[in-house]
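Below is one structure, written out as structure tokens; comments come after it.
By convention in this document, chain letters (A, B, ...) are assigned in the order of the sequence lines, proteins followed by strands, and residues within each chain are numbered from 1.
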Amino acid sequence: MPELPEIETVRMGLAPALERRRLTRIVTRRGDLRVPFPPRFAERLTDREVKRLWRRAKYLLAELDGGETLVIHLGMSGRVAVYAENLERRLGHYVYEPPPSGAGHGKHDHVVIETDAPARIVFTDPRRFGLMLLIESAALHRHPLFDGLGIEPLSPQFTAAHLERILEGRRAPIKAALLDQRTIAGLGNIYVCEALFRARISPRRQSSTIAGSRARALAAAIRSVLLAAIKAGGSSLRDYAKTDGALGEFQHHFAVYDREGAPCPRAQCKGKIKRIVQSGRATFYCPACQR
DNA sequence: CCCACGACCTGTGGGC
DNA sequence: TGCCCACAGGTCGTGG
């Protein structure tokens, strides 16, 4: 479920159970996800306190006392569920109360973390493209996973001028450039398609031609689609997005994604949504109003 | 450096 | 009804 708005939704749902809480018990059910768990993973987490939970690109980052940060990526199919007992008023509205006895024992439940909230956090990932790492907090920005990442699209530094500069001289189609995490951090297939639609820009357009008013439209579209998706609790396709098990709602607001053949939702436009493949991934757009 | 593509893994939905 | 294959929110390594 995992682009920036979904990760941000998970972060907000997880924060009450993690921030300023102590990790009391960690269980891993296998040796690896996309990469092996770090050596002595459970021991290094046990009895640590989470100072803050933040996000960079599509990574969730739990900064621990003791100088390390727990890095979590959800890959394609990763999910996080929070089970908290009798904490409704303090923690928000968790639907699982008390936790079902089987919680954390599903076929693809790979990691279970308990905290003194008290809460049980279950990480599920059928495809195992996700990862969990421990990295020294002070060295995070120099770590290979993070040092080449592009700008955060919701930061004040993300402007049309910045966008124009990072697309300068690039020959790849704009769809591919926006998917590249070194250009902008956090966009994925859904929100790139949706942002290009909002900006009326063809996904096939050469990146370097996006300047001036087009850059302004695209920067604004990226920001607006991400904010709208976060407000809606992210998008739920086959799975649920939120830590309380409820579905995100933004999939009901897709203009183009997974809507091949549907009429273009833009007023006055007579176009029909088309599906093409770019660098191996599906792209959806309206050939009539996206240029 | 820049870009395209296949690989990684499991589940599911649609077509026959 | 059942089978098979194409495809799925992301990265990463390789090769041109």
So what does [X] hit on the nucleic acid, given a heavy-atom distance under 4.0 Å: a base, only sugar-phosphate, or nothing?
X: A/Thr183; value: nothing
X: A/Arg275; value: sugar-phosphate
X: A/Leu4; value: nothing
X: A/Pro5; value: nothing

Practice task
Could you tell me whether A/Phe146 and A/Tyr59 have their ring centroids closer than 6.0 angstrom?
Solution key: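 Judged by ring-centre distance (under 6.0 Å), A/Phe146 and A/Tyr59 do meet the cut-off.
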Verify the neighbour count for atom [atom1] of [X]: are there more than 12 heavy atoms of other residues, nucleotides or ligands below 6.0 Å?
X: A/Arg56; atom1: CZ; answer: yes
X: A/Arg29; atom1: CZ; answer: yes
X: A/Arg30; atom1: CZ; answer: yes

Using only side-chain N and O atoms of [X], determine if any of them is under 4.0 Å from OP1 or OP2 of [N].
X: A/His108; N: B/dC9; result: no
X: A/Gln181; N: C/dT11; result: yes
X: A/His73; N: C/dT11; result: yes

Practice task
For nucleotides B/dG11 and C/dT1, find the distance between their P atoms and express it as a whole number of Å.
Solution key: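 Approximately 23 Å lies between the P atom of B/dG11 and that of C/dT1.
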Problem - Distance between P atoms of B/dC9 and C/dC4 (Å, rounded) - result: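 Each nucleotide's P atom is 22 Å from the other's.
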Exercise for the section: Before accepting this row, confirm whether a basic side-chain N of the pair A/Lys51/A/Asp65 lies closer than 4.0 Å to the acidic partner's carboxylate O. Expected result: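 A/Asp65 and A/Lys51: not salt-bridged.
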Exercise for the section: For A/Gln278 and A/Pro203, indicate whether the former's side chain and the latter's backbone hold a donor-acceptor pair under 3.5 Å. Expected result: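 Yes: the side chain of A/Gln278 pairs with the backbone of A/Pro203.
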Exercise for the section: Please tell me which of A/Leu131 and A/Arg127 maps to the more 5' nucleotide of DNA chain C, matching each residue to the nucleotide holding its nearest heavy atom. Expected result: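 By nearest-heavy-atom nucleotide position, the 5'-most residue is A/Arg127.
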Problem - Aromatic ring of A/Phe129 stacked on base six-ring of B/dC8, 5.5 Å, 30° - result: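 Yes; centroid distance and tilt both under limits.
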Handout entry: Within 45° cone of A/Tyr285 ring axis and under 6.0 Å: A/Arg204 NZ or CZ
Key =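 Judged by the rule, A/Arg204 and A/Tyr285 form no cation-pi pair.
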Exercise for the section: Runs of at least three consecutive Watson-Crick or G-U pairs, both distances under 3.5 Å, are what I'm after; which ones involve DNA chain B? Expected result: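 So the stems come out as B:2-8 with C:10-16, B:10-16 with C:2-8.
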Problem - Whole angstrom value for the distance that separates C1' of C/dT11 from CZ of A/Arg56 - result: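 Distance, rounded to whole Å: 16 Å.
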